[in-house]
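Encoded as structure tokens, the structure appears first; notes follow it.
Counting convention: from 1, in listed order, for ligands and their atoms alike. For reference, positions follow the sequence shown, starting with 1.
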Amino acid sequence: MTGLLEAREVSVRYGSLAALDGVDLCIHDGQRHALIGPNGAGKTTLLNVIGGSARPQRGTVRFDGRDVGRLGPAARARRGINRIHQRPAVFPTLTATENVVVAALPRVIPRRRWWPGGRRRAAQHLAGPLLDQMGLTAVAAVPAGHLAHGQRRQLEIAMALAGRPRLLLLDEPAAGLSAIEVGRLVELLQALPRAVAVLLVEHRLDLVYALSDTVTVLRDGQTLAAGTPDEIRTSPLVRQAYADGVA
Ligand SMILES: Nc1ncnc2c1ncn2[C@@H]1O[C@H](COP(=O)(O)OP(=O)(O)OP(=O)(O)O)[C@@H](O)[C@H]1O
Ligand SMILES: [Mg+2]
């Protein structure tokens with residue numbers, strides 16, 4: 001069976017360190033896939049390879065049946081791979097709405113190229129529902145730099161959704177959030193439409209089990225295990241890896 005995303009035999013070296021060593025990953029349309037493993041296992045590196053911000057020395061990345069290995073992050077975003085990073089990246093002086101409008105502009109360019117005002121209005125039409133979807137309507141006019149950390153995370157996801165992704169890459173979205181913020185984030189992620197597949201990197205296993213239907217475990221740049229949350233939860237190999245190395 002072919003997947004929406006197929007990464008094969010991906011290897012990334014930094015000097016003598018193998019950050020990834022022959023990793024395969026397949027994600028299907030609408031799937032919720034979690035990537036877990038101890039610190040330094042290669043999780044962010046694999047997201048970088050899939051998102052286009054790192055080039056593997058070996059291996060291929062195919063998305064929607066096409067080789068995207070030569071494309072950078074912007075070109076992959078146009079094809080439907082969008083990303084949030086380990087640290088939130090929003091424009092602090094722009095309002096929440098303006099941040100989503102900026103993120104939505106590339107999506108409305110092809111239809112409205114001849115009419116810049118029309119592009120902006122089209123993007124503004126998209127922003128309202130996305131802010132609503134991410135629970136941010138009440139703070140739509142607040143500069144992003146004044147938002148709470150959890151709200152900035154939600155805004156970043158709204159911005160990623162503005163690109164109409166078919167695959168959303170989330171790198172530790174719950175990092176630094178309070179318990180209440182984490183609960184809210186989980187609800188919002190659970191409510192994402194199934195048209196969007198999700199690849200979630202997360203250390204917190206309670207979130208992984210709440211949000212994913214398949215899990216890949218990396219360790220030292222290699223795949224240690226892959227399976228359903230139940231299979232991973234009961235795997236002695238995974239227990240050992242976590243006993244050995246997770247923060
Ligand atoms: N740009 C880089 N230059 C050199 N080494 C790097 C670089 N990026 C990552 N590494 C190394 O590659 C390995 C994998 O890093 P990566 O960030 O992918 O791990 P991770 O699984 O995301 O870890 P964490 O859970 O701590 O975020 C680590 O040993 C890291 O130090
Ligand atoms: Mg990481």
Side-chain angles (χ1 to χ4, degrees), residues 5-27 32-61 63 68-69 71-73 76-77 81-90 149-150 152-153 156-157 160 165 167-177 181-182 185-186 189 197-212 214-227 229 232-233 235 237-247:
L5 176 98
E6 289 179 21
R8 297 267 177 251
E9 288 287 313
V10 171
S11 295
V12 173
R13 296 195 75 88
Y14 294 111
S16 60
L17 176 90
L20 291 174
D21 183 12
V23 170
D24 291 334
L25 185 74
C26 181
I27 299 175
R32 305 291 190 248
H33 194 107
L35 193 56
I36 66 173
N39 291 115
K43 306 179 296 294
T44 297
T45 304
L46 186 54
L47 250 57
N48 290 343
V49 167
I50 294 168
S53 57
R55 293 286 159 91
Q57 280 88 357
R58 261 190 341 107
T60 56
V61 179
F63 184 71
V68 295
L71 303 181
R76 292 192 203 192
I81 303 178
N82 288 74
R83 157 124 198 226
I84 74 157
H85 292 85
Q86 210 162 344
R87 292 187 187 162
V90 297
H149 187 55
R152 280 205 294 276
R153 271 289 181 218
E156 224 195 347
I157 296 171
L167 174 62
L168 186 59
L169 309 175
L170 302 173
D171 199 352
E172 298 196 33
L177 302 193
E181 288 174 325
V182 170
L185 183 73
V186 168
L189 292 177
V198 175
L199 177 56
L200 168 74
V201 170
E202 184 52 62
H203 279 296
R204 290 186 47 171
L205 295 184
D206 53 337
L207 300 197
V208 167
Y209 297 139
L211 290 170
S212 63
T214 46
V215 183
T216 293
V217 188
L218 290 184
R219 185 184 192 184
D220 296 334
Q222 297 187 333
T223 304
L224 182 73
I232 297 302
R233 202 194 317 254
S235 159
L237 269 177
V238 176
R239 283 191 187 167
Q240 188 59 47
Y242 269 73
D244 288 350
V246 99

Assess Gly42 for proximity to ligand 1: is some non-hydrogen atom of it under 4.0 Å away? yes
Any N or O of Gly40 that comes nearer than 3.5 Å to an N or O of ligand 1? yes
Holding to side-chain contact (heavy atoms from CB on, under 4.5 Å), I want the full list of residues that pass it with Ala226, two or more places apart in sequence or in another chain. Thr216
Would you sort out whether Asp206 and Val186 count as a side-chain contact (heavy atoms from CB on, under 4.5 Å), showing the intermediate values? CA-CA 10 Å; Asp206 53 337; Val186 168; over 6 Å; no
Short list, please: which atoms of ligand 1 are under 4.0 Å from a heavy atom of His203? 25 (O)
Counting only heavy atoms closer than 4.0 Å, does ligand 1 sit against the backbone of Leu17, its side chain, both, or neither? side chain
Any side-chain heavy-atom pair from Pro173 and Leu185 closer than 4.5 angstrom? yes
Taking all atoms of both residues into account, what is the closest heavy-atom pair of His33 and Thr214, and its distance? ND1-OG1, 2.9 Å
Could you list which atoms of ligand 1 come closer than 4.0 Å to a heavy atom of Thr45? 14 (C), 15 (O), 16 (P), 18 (O)
Using a strict 4.0 Å cut-off to heavy atoms of Glu172, name the atoms of ligand 1 that fall inside it. 25 (O), 27 (O)
Does any N or O in the side chain of Asp24 come within less than 3.5 Å of the main-chain N or O of Glu9, such that one atom is a donor and the other an acceptor? yes
Check: Ser11 and Asp21 side chains under 4.5 Å, non-hydrogen atoms: yes
For a distance under 2.8 Å, tell me if Thr44 has an N/O/S atom near the Mg ion (ligand 2). yes
